[in-house]
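Below: the structure, in structure tokens.
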Amino acid sequence: MDVRVRYAPSPTGYLHIGNARTALFNYLFARRHGGSFIVRIEDTDVARNVDTGVEDQLSLLRWLGIDWDESIDKEGGVGPYRQLDRLEWYRHYAEALIESGMAYRCYCTDEELEAIKREQEASGADRFHYPRRCLDKPEQDAPYAIRFKVPDATRYAFDDLIKDTVTFQSEDIGDWVIMKRNGIPTYNFACAIDDALMKISHVLRGEDHITNTPRQLMVLDALGFKRPIYGHMPLIVDKDGRKLSKRSGSVLQYISQFKERGFLPEALFNFIALLGWSPDAKAEVFTPGALVERFDENRLSGSPATFDAGKLHYLNHQHIQRLELDEAVALCRPFLESEGITEDKDPAWVRELVSLLQERLDYGAEIVDLYHAFFKGPFTLETEAREFLAATDGAATLLGDLKGRLQALDTFDADAIKQAIKQAGKATGMKGKQLFMPVRIAISGRMKGPDLPRMISLLGRETVLQRVSKTLDTLE
RNA sequence: GGCCCGUUGGAGAAGCGGUUUAACUCACUAGCCUUUCACGCUAGCAUGCGCGGGUUCGAAUCCCGCACGGGUCACCA
């Protein structure tokens, strides 16, 4: 069987982590099995469509490293790939269903429907089913929707790739609308028709679609189409176990937000692949290519996947460590520039800064925080640092000696600075922690930080001398 | 409320009836490394698999009931 899978976004918003996950798994599945990955645009909700929705989502997909074989920009013989361009198909099949008695025109107005629903609610019914009021109505010259006539006492069961056998009873589903009054199909109808016409072999989607499946099966069966194999992936939930939504606290959930904060596409790809799936391995850090090789649909999980920001940071950190210095600089520079940090600095300085901080970076934007923490913030001695200095005999002498040496240096680079520190140590009899810690404190005010000589060089002679003087003042 | 799905440590998660004394990863803790921090390495971290029954020589793994959590019930997708 030819593997053909699809990702079917609706251009009603931005690329959400949940949609990205659906796209990613379909992509992995297709690539793993040498099949085709299709992106179909489901734009049948005319009122909610956003102008830039399609292009925004597609470009973010590309950014993530997900490409496709067929879509609106790549004809594959079963197009068009935008549902509004396929209306004739839906109308054709809807008419066919009416003719065969499996669907009927419904002339009820919104007000009438609303009244029916209220009535049913008042009567305490569990199910709100359309009462087939228009089933035998003669054709009239009035706007109408088309409803699918749900078969009586029919069992709709399917072997889900992830959930095993899932069963629904037709009694639980009322006659639903397949074509809206505006002549546009509803989601479940268009989706079923397109999956069939586009020869989709497997449908991998979120579990929130599981109750849509019986409706789609009805359409497929009624029209004599072959059913694809379905696989419903667990929902992505927040820390509280709820489906990720706008209300899920401070969790970032749109792909663009991760991109803007300096997360790497390959790290996000890695992270998303772990949402509801686990590799048969003792590691979790993988490149997209390695994930394609390792992907195995049998290892898809059936229980909810918790969005764990800590894990995302860890994975992104790991991927950043694997970056070449030039790549890390490219990742960080925009954030430094937008903060004005690079204004009076040359490229070599920026390169050295990134080189020094790369190993502690979780995401690109963090370079700014680290810069401020170690280089910029107002110079004050932390309590612990002040106490350490006060308790170190000869600290003042050492700093005074070092200050002179730093002033005299021809070139203010890390090597020369390191030599100066060592010489100062020799001259004053200080070494090891007794030597480096007072220097670190005098220069940064803190007990911890990046490699000292390199940091001093980056800080620049003027700032360093000022800080040493200020520290010396507090020692008197 | 009806229907559907799920429930393994602080978190993700492996496990598919018997070499499981419950992998692996994150977080956390301790130690090592290092001038400090970070990185890296090592070790520790569920007497227990929502609860109660049952099937079986044997169950986290199969069955039933209950509880809890979630999803879904649109002329939205």
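Here is how names work: the chains are called A, B, and so on, in the same order as the sequence lines, proteins then strands, and each is numbered from 1.
- What separates CG of A:Asp296 from P of B:A14 is a distance of 12 Å, to the nearest Å.
- Straight-line distance from the CG atom of A:Leu161 to the P atom of B:C5: 16 Å, rounded to whole Å.
- When the P atom of B:C4 is taken as reference, atom CD1 of A:Ile162 falls 19 Å away, rounded to whole Å.
- Checking A:Glu112 against A:Thr109 by side-chain atom types alone, a donor-acceptor pair falls below 3.5 Å.
- Taking a pair as Watson-Crick or G-U wobble with both distances under 3.5 Å, the runs of three or more consecutive pairs in RNA chain B are B:1-7 with B:67-73, B:10-12 with B:24-26, B:28-32 with B:40-44, B:50-54 with B:62-66.
- When atom types are taken as modelled, the side chain of A:Asn188 and the backbone of A:Gln216 share no donor-acceptor pair closer than 3.5 angstrom.
- Counting non-hydrogen atoms under 4.0 angstrom, A:Arg299 reaches the backbone sugars and phosphates but no base.
- Spacing between B:C68 and B:U55 at atom C1', rounded to whole Å, works out to 26 Å.
- You'll find the ring centres of A:Trp176 and A:Tyr130 outside the 6.0 Å limit.
- Among the heavy atoms of the strands lying under 4.0 Å from A:Ala305 are primed sugar atoms or P, OP1, OP2 only; no base atom is included.
- Judged as a side-chain hydrogen bond (donor to acceptor under 3.5 Å, both in side chains), and not counting sequence neighbours, the contacts of A:Asp296 are A:Asn298.
- A distance of about 10 Å separates the C1' atoms of B:A60 and B:U20, rounded to the whole Å.
- For the ring pair (Phe, Tyr, Trp, His ring centres under 6.0 Å) test, no residue two or more places apart in sequence or in another chain qualifies with A:Phe335.
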Test side-chain hydrogen bond (donor to acceptor under 3.5 Å, both in side chains) applied to A:His209 and A:Asn212, step by step: CA-CA 5 Å; A:His209 280 288; A:Asn212 286 323; 3.1 Å; yes
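- Closest heavy-atom contact between A:Ala192 and A:Leu220: O-CD1, 3.3 Å.
- For A:His313, the ring pair (Phe, Tyr, Trp, His ring centres under 6.0 Å) partners two or more places apart in sequence, or in a different chain, are A:Phe263, A:Tyr363.
- Applying the salt bridge (Lys or Arg N to Asp or Glu O under 4.0 Å) test to every pair with at least one member in residues 176-194 of chain A, sequence neighbours left out, gives these pairs: A:Arg40-A:Asp194, A:Arg86-A:Asp194, A:Asp110-A:Arg181.
- Among residues two or more places apart in sequence or in another chain, the salt bridge (Lys or Arg N to Asp or Glu O under 4.0 Å) test is passed with A:Arg261 by none.
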Under 4.0 Å protein heavy-atom contacts per nucleotide of nucleotides 62-77 of chain B, with B for base, S for backbone only and - for none: --------SBS--BBB
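- B:A11 atom P lies 18 Å from atom CG of A:Leu274, rounded to whole Å.
- Annotation: ring pair (Phe, Tyr, Trp, His ring centres under 6.0 Å) contacts of A:His319 (sequence neighbours excluded): none.
- When the P atom is compared between B:C66 and B:U56, the two are found 23 Å apart, to the nearest whole Å.
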Considering only distance and modelled atom types, tabulate donor-acceptor pairs under 3.5 Å from the side chains of residues 141-155 of chain A, sequence neighbours left out.
residue: A:Arg147; atom: NH1; partner: A:Asp175; partner atom: O; Å: 2.8
residue: A:Thr154; atom: OG1; partner: A:Asp152; partner atom: O; Å: 2.8

Reading nucleotides 33-44 of chain B 5' to 3', which nucleotides get B (base under 4.0 Å from a protein heavy atom), which S (sugar-phosphate only), which -? --BBBBSS----
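- Separating the C1' atom of B:G1 from that of B:A46 is a span of 37 Å, rounded to the nearest Å.
- In this structure, CG of A:Leu275 is placed 13 Å from C1' of B:A11, rounded to the nearest angstrom.
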Hey, can you pull the donor-acceptor pairs under 3.5 Å for the side chains in residues 417-443 of chain A, sequence neighbours left out?
residue: A:Thr428; atom: OG1; partner: A:Ala424; partner atom: O; Å: 2.8
residue: A:Arg440; atom: NH1; partner: A:Pro450; partner atom: O; Å: 3.2
residue: A:Arg440; atom: NH2; partner: A:Pro450; partner atom: O; Å: 3.0

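- Between the NE2 atom of A:His319 and the P atom of B:C26 there is a distance of 13 Å, given to the nearest Å.
- At a threshold of 4.0 angstrom between heavy atoms, the contacts of A:Lys311 include nucleobase atoms, whether or not backbone atoms are also involved.
- One C1' atom belongs to B:G50, the other to B:G6, and the distance between them is 11 Å to the nearest Å.
- Heavy atoms of other residues, nucleotides or ligands lying less than 6.0 angstrom from CD of A:Gln169 number more than 12.
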So which protein nitrogen or oxygen atoms get under 3.5 Å of nucleotides 8-10 of chain B's nitrogens or oxygens?
none

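- A:Leu356 has its side chain out of reach of A:Phe374: every pair of non-hydrogen atoms, C-beta onward, lies at least 4.5 Å apart.
- Between A:Pro279 and A:Val166, the one whose closest nucleotide on RNA chain B sits nearer the 5' end is A:Val166.
- Here the separation of B:G58 from B:G53, taken at their P atoms, is 16 Å to the nearest Å.
- Taking atom CZ of A:Phe271 as the reference point, atom C1' of B:A13 lies 14 Å away to the nearest angstrom.
- If you measure from atom CZ of A:Arg294 to atom P of B:C24, you get 16 Å, rounded to the nearest angstrom.
- Only the C1' atoms considered, B:C76 is 25 Å distant from B:G69, to the nearest whole Å.
- Between B:U47 and B:G10, the two P atoms lie 9 Å apart (nearest whole Å).
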